[in-house]
2 protein chains.
Amino acid sequence: MSRPPPHSRATPSAPRPTPAAGALELDAFLPYRLSVLSNTISGAIAEVYQQRFGLSIPEWRVMAILGRYPGLSAAEVAARTAQDKVAVSRAVSRLIAAGRVQRRFADADRRRSILELSAAGQAVYEEVVPQALALERSLLEALTASELEQLDTLLDTLLERARHLSTSELP
Amino acid sequence: MSRPPPHSRATPSAPRPTPAAGALELDAFLPYRLSVLSNTISGAIAEVYQQRFGLSIPEWRVMAILGRYPGLSAAEVAARTAQDKVAVSRAVSRLIAAGRVQRRFADADRRRSILELSAAGQAVYEEVVPQALALERSLLEALTASELEQLDTLLDTLLERARHLSTSELP
DNA sequence: CTAAAATGGTTTCAGATGTAACTTTTCACC
DNA sequence: GGTGAAAAGTTACATCTGAAACCATTTTAG
């Protein structure tokens with residue numbers, strides 16, 4: 001597994017210089033870097049399902065979770081995709097209108113929806129998933145096995161930490 | 001975006017199991033994890049400047065870059081903040097209206113704007129920056145020095161790679 | 001049993017955002 | 001110099017999004 005040649009500033013030889021203490025250097029600011037990275041990657045993947053199937057990001061996320069866990073309710077989909085219930089409601093409506101998702105309601109509790117991909121939805125799912133995974137793979141093959149594990153740990157640690165921040169820092 | 005719900009797997013004790021090959025497990029999918037992490041962190045920081053100063057994210061980014069590099073043009077601000085020029089134009093308008101940014105135009109080229117924080121803008125900047133940095137620090141202090149360097153390298157590598165993806169994968 | 005609270009989901013309305021068209025100014029070239 | 005192409009910004013329009021209000025159903029409490 002060969003590493004690509006280092007580029008403009010990807011060589012860890014010179015550690016990113018911390019600018020004058022107390023200054024905010026956007027290029028070195030973790031939240032900003034994460035945002036740029038995330039948007040760049042999501043954009044690349046979105047090209048796959050937006051161009052070919054006219055799916056929005058929330059729609060694709062709903063399909064992704066239903067493909068793997070059929071029968072969830074809208075609230076469960078919202079929880080699993082980290083989207084709010086309004087976004088899920090709208091995504092589901094459009095998916096039903098497009099014939100990609102089927103909905104029925106639970107007998108025991110007629111408020112609770114039961115969502116599944118339709119055959120057509122399943123077909124889309126099975127076409128998009130390999131491309132999404134291929135794209136992820138082509139990103140990650142830049143990393144060694146050890147880096148991959150570091151990445152995994154780092155993301156978990158940071159997310160864990162970030163969740164505490166946003167709930168505990170309220171004045 | 002909405003705050004993601006609490007999660008179940010955050011202990012890095014067991015390495016993330018790769019699910020059945022070819023299946024898309026959202027929780028293990030890098031683009032999704034990055035998106036959730038980025039939104040969670042950005043949301044936490046946004047609380048600082050949105051609640052107190054009514055700044056939107058694009059507005060804050062413009063201020064952040066002007067605080068550090070006064071005198072940039074709108075196009076340069078757009079490039080440095082990774083936002084498109086319409087977003088910058090609108091952010092600058094609102095910032096000018098709010099008295100936080102001053103604009104003049106270059107003598108040599110009267111299309112080119114020259115943007116700076118006003119005194120009021122500078123005051124906001126100097127109040128928000130330490131809080132943003134503190135938040136970043138409290139995130140990063142979960143990491144060892146070596147992890148910090150790994151993170152730095154990983155982000156650079158991935159971004160580099162992601163940029164190629166989105167430009168080279170067009171059919 | 002029934003009134004109030006809670007839950008699942010949808011709708012509404014106002015503000016945000018992206019794409020494309022447009023204006024103004026400068027530059028390239030003949 | 002004059003004309004067309006390019007660059008910097010702004011505006012228009014259509015869509016998207018988020019917060020809050022809303023409806024229907026179920027649960028809880030008295």
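Since this is a predicted model, take the numbers as computed values, not measurements. Just so it is clear: chains get the letters A, B, ... in the order the sequence lines come, proteins before strands, and each one is counted from 1.
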Original post:
Contact class for B/Ser56 vs. all strands (heavy atom < 4.0 Å): base, sugar-phosphate, or nothing?
Top reply: nothing

Original post:
Between the axis at one end of the helix from C/dC1-D/dG30 to C/dC30-D/dG1 and the axis at the other (five pairs apiece), what's the angle to 10 degrees?
Top reply: 20°

Original post:
Any side-chain heavy atom of A/Ser35 sitting closer than 4.5 Å to one from A/Asn39?
Top reply: yes

Original post:
Going by atom types only, do A/Glu127 and A/Gln131 share a side-chain donor-acceptor pair under 3.5 Å?
Top reply: no

Original post:
Using a cut-off of 4.0 Å on non-hydrogen atoms, how would the nucleic acid contact of A/Ser93 be classed: base, sugar-phosphate, or nothing?
Top reply: nothing

Subject >> Cluster overlap A/Leu133 with A/Phe53, hydrophobic side-chain contacts below 4.5 Å >> reply: yes

Original post:
Which parts of nucleotides 21-26 of chain C does protein reach within less than 4.0 Å, heavy atoms only, written one letter per nucleotide 5' to 3' as B for base, S for sugar-phosphate only and - for none?
Top reply: ----BS

Subject >> Results of side chain to side chain contact (heavy atoms under 4.5 Å, CB included) for A/Leu72 - residues two or more places apart only >> reply: A/Ile65, A/Leu66, A/Tyr69, A/Glu76, A/Val77, A/Arg80

Original post:
Does a nitrogen or oxygen in the side chain of A/Arg103 sit under 4.0 Å from OP1 or OP2 of C/dT10?
Top reply: yes

Original post:
OP1 or OP2 of D/dA8 less than 4.0 angstrom from a side-chain nitrogen or oxygen of B/Ser89, does that happen here?
Top reply: no

**OP:** Measure from the side chain of B/Asp84, starting at C-beta and using heavy atoms only, and say which of C/dT19, D/dT11, C/dG9 lies closest.
**Re:** C/dT19

Original post:
Can you check whether B/Leu115 reaches B/Gln102 side chain to side chain, under 4.5 Å on heavy atoms?
Top reply: no

**OP:** Flag the pair A/Glu59 and A/Arg90 as a salt bridge only when some basic side-chain nitrogen lies within less than 4.0 angstrom of an acidic carboxylate oxygen.
**Re:** no

**OP:** For the residue pair A/Trp60 and A/Gln50, establish whether any side-chain heavy-atom pair is separated by less than 4.5 Å.
**Re:** no

Subject >> Short side-chain N/O contact from A/Ser73 to OP1 or OP2 of C/dG8, under 4.0 Å >> reply: no

**OP:** Look at the side-chain N and O atoms of B/Arg94 and state whether any lies under 4.0 Å from the OP1 or OP2 oxygen of C/dA16.
**Re:** yes

Subject >> Electrostatic pair B/Arg103-B/Glu116, nearest N-O below 4.0 angstrom >> reply: no

Original post:
Quick one: does A/Arg90 reach the base of C/dG9 with a side-chain donor-acceptor pair under 3.5 Å?
Top reply: no

Subject >> Integer-rounded Å distance: D/dT27 P and A/Arg112 CZ >> reply: 10 Å

